Amino acid sequence: MAETANKKSYKKIFSQLKDHNKWFENSIPLIASENVPSPAVREAIISDFGNRYAEGWPGERVYAGCIYIDEVEFECMKLAKKLFKAEFADVRAISGVVANLAIYSAFTNPGDVMLAPSIPAGGHISHGKKEHSGTAGLVHGLEIEFYPFDAEEMTIDVDKTIQKVEELKKLGRLPKMAMFGGSLFLFPHPVKELAEFLKGHGMHVNYDAAHVAGLIAGGEFQDPLREGADTMTMSTHKTLFGPQGGLVLGSEKHGDAIKKATFPGLTSSHHIHHMAAKAITFAEALEFGKDYAKDVIKNAKILAESLSGFGFKVLGESRGFTKSHQIAVNVLDYSDGGEVEANLEKANIIVNRQLIPGDIKAGRNYFHPGGIRLGVSEITRLGMKGSEMKEIASFIKQVVIDKKDPKKILPKVKSLRKDFQKVHYCFDKKLGAYEYVKLR
Ligand code: DSN
């Protein structure tokens with residue numbers, strides 16, 4: 001009998017899934033918001049937990065069948081609290097965006113003003129205005145005021161923020177929430193310097209640690225909950241090397257509002273297989289996170305210095321380029337971020353184009369911004385160190401500055417990748433980082 005169109009689609013999907021894994025086995029993945037999970041995390045993700053509902057809080061579910069799920073979720077919360085030294089953890093947000101929405105819902109009302117970083121200054125779409133379809137504006141009806149940003153220092157300007165808040169107060173637009181953190185995140189944000197002032201003006205201070213959660217957990221970035229943030233949100237799959245998901249942390253007094261916002265407010269299923277995988281991640285981060293965070297920051301610095309040495313305009317130069325997993329490069333001397341992203345991809349070097357300070361004023365847009373963003377979380381996890389960072393910088397230089405045919409760089413990329421096929425900083429390393437698992 002001839003193969004049906006349905007069967008053809010079915011087979012094609014599997015062959016594309018396999019091709020994707022093969023491609024990543026032979027690539028240099030530098031997307032700063034991504035990472036590769038451990039084999040243990042992958043095992044939890046395919047468990048039967050993913051087929052169940054467990055609405056509510058562990059021990060108070062609205063479904064039967066949750067005996068083991070409850071035990072894992074209690075353990076997950078315990079590990080999250082230990083990892084981030086937090087009194088309260090809600091591990092149910094299914095993403096960083098949902099974690100932020102939980103905070104907006106718990107501590108603000110539609111129409112309130114929120115202070116947040118703009119996108120070219122590193123803000124995330126979930127902090128954004130309604131007219132940009134940002135979650136805060138579009139979904140929760142918040143009005144957004146941007147922090148003044150110091151493009152030289154690549155961080156929020158403290159003095160100008162204080163002035164801006166005073167001005168907003170006079171205009172009757174005092175924010176109810178201040179959001180720190182974001183997506184382009186090279187240096188710690190001034191939480192210590194501003195939290196007391198902002199809270200003194202009645203603001204709830206949240207820190208979005210999506211990008212830097214693994215560095216905070218490893219004790220190698222800033223420590224927002226000690227520096228004055230009321231709550232901290234994050235996704236669990238960037239520098240924190242877990243499954244895609246979210247996490248909300250705070251103190252006991254914030255617990256009730258966060259719990260209600262998360263369920264029934266924002267989740268029905270909280271993707272319980274991912275919850276179990278988060279628990280595994282927290283245990284691995286407690287065990288290996290310090291070394292990992294140190295190595296990530298070291299690698300980022302070496303990659304940034306090497307790129308700068310080749311003549312690239314790496315942002316944050318006056319402060320040593322980066323204190324996180326990220327590097328931002330202004331590529332306007334060569335073309336634009338969109339073209340650079342596409343050319344590097346042809347050499348299996350995966351980066352993303354990036355709006356950088358000054359882009360919007362200069363009329364550049366997200367498709368053709370002035371920069372690219374690189375992150376070393378994933379290649380560090382694969383065991384790469386300083387000499388590989390230097391080699392990668394040279395590949396990027398050959399494609400972008402020397403304008404060599406990316407196809408000529410491709411074999412060099414593949415050859416570099418040969419020795420880096422396992423996940424490090426985890427308990428069990430048997431399965432290859434991108435090894436395809438067939439269950440059929
Ligand atoms: N859009 C992602 C980033 O790359 O920062 C985060 O959600």
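All ligand and atom numbering here is 1-based and tracks the order in the structure. This is a predicted model, so every value here is computed, not measured. In this chain, numbering begins with 1 at the start of the sequence shown.
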Please find out if less than 6.0 Å separates the ring center of H273 from that of F49. no

Taking R364 first and then D336, would you say they form a salt bridge - that is, a charged N and a carboxylate O separated by under 4.0 Å? no

Would you sort out whether H127 and D208 count as a side chain to side chain donor-acceptor pair (under 3.5 Å), showing the intermediate values? CA-CA 9 Å; H127 311 162; D208 183 340; 2.8 Å; yes

Show the protein residues that qualify under the rule heavy atom under 4.0 Å from an atom of ligand 1, listing them in chain and number order. S33, H124, S183, H211, K238, R373

Using the six-membered ring of F263, assess whether NZ or CZ of R92 lies under 6.0 Å from its centre and within 45 degrees of the ring axis. no

Could you give all pairs that pass the ring pair (Phe, Tyr, Trp, His ring centres under 6.0 Å) test and reach residues 332-364, with sequence neighbours left out? F312-Y334

Ring centre gap for Y425 and F288 strictly below 6.0 Å: no

